[in-house]
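Here, residue 1 is the first one in the sequence, and each next residue gets the next number.
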Amino acid sequence: MKEFIVCYTLEDDIKRERIMKEADISKEQVIQEIIEKIEQRKCFLTKGDHGDYWINRSSIRYIGVHEKDDPKIYSH
């Protein structure tokens, strides 16, 4: 299993979500899944370290996806 950290930069906040995927999935595939989820729904639920959050897709300004073991990321 691989762990990915998804960072949603919103109009007025930043939300992080941890996603577990099979070991053979790539970062690009995770990004594509997120884009499809956003396109299909006006609002969607993310599960963060500090609870669950509803995100309205119109408030999203940027999405970043990083593998957990990537040394270039900062994780809480």
To the nearest 0.5 Å, atom CZ of Arg57 lies from atom NZ of Lys37 at 13.0 Å

Rounded to the nearest 0.5 Å, the OG atom of Ser58 sits from the CG atom of Leu10 at a distance of 10.0 Å

Would you indicate whether Glu36, at its atom CD, is surrounded by more than 12 heavy atoms from other residues, nucleotides or ligands within a distance under 6.0 Å?
yes

To the nearest 0.5 Å, atom CD1 of Ile55 lies from atom CZ of Arg41 at 12.5 Å

Smallest heavy-atom separation, Phe4 atom then Lys27 atom, equals CE2-CA, 3.8 Å

Practice problem: Take Met20 and Lys2 through the side chain to side chain contact (heavy atoms under 4.5 Å, CB included) test and state the conclusion after the steps. | Solution: CA-CA 6 Å; Met20 297 299 293; Lys2 280 186 188 177; over 6 Å; no

_Salt bridge or not between Arg61 and Glu11? Use side-chain N to carboxylate O under 4.0 Å._
yes

dist Asp24:CG -> Gln29:CD (nearest 0.5 Å) comes out at 7.5 Å

When you group the ILVMFWY residues by side-chain heavy-atom contacts below 4.5 Å and let the links chain together, are Ile5 and Ile19 in the same group?
no

ring-ring contact (aromatic ring centres under 6.0 Å, His included) filter on Tyr53, not counting sequence neighbours, yields none

Distance col, row Lys15:NZ vs Asp52:CG, nearest 0.5 angstrom, shows 11.0 Å

I'd like to check Ile34 versus Phe44 (side-chain heavy atoms, cut-off strictly below 4.5 Å). Are they in contact?
no

Is the closest side-chain heavy-atom distance between Asp49 and Arg16 below 4.5 Å?
-> no

In the structure I gave you, are the side-chain heavy atoms of Glu3 and Glu67 within less than 4.5 Å of one another anywhere?
no

Q.
For a side chain to side chain contact (heavy atoms under 4.5 Å, CB included) check, start with the C-alpha distance between Glu33 and Lys21, then their side-chain angles and the critical distance, and finish with the verdict.
A. CA-CA 11 Å; Glu33 285 181 15; Lys21 294 290 184 181; 2.6 Å; yes

- Query: Same hydrophobic cluster for Ile14 and Val6, using side-chain heavy-atom links shorter than 4.5 Å among ILVMFWY?
  - Reply: no

| said: With heavy-atom distances below 4.5 Å as the criterion, would you say the side chains of Ile60 and Thr9 are in contact? | reply: no

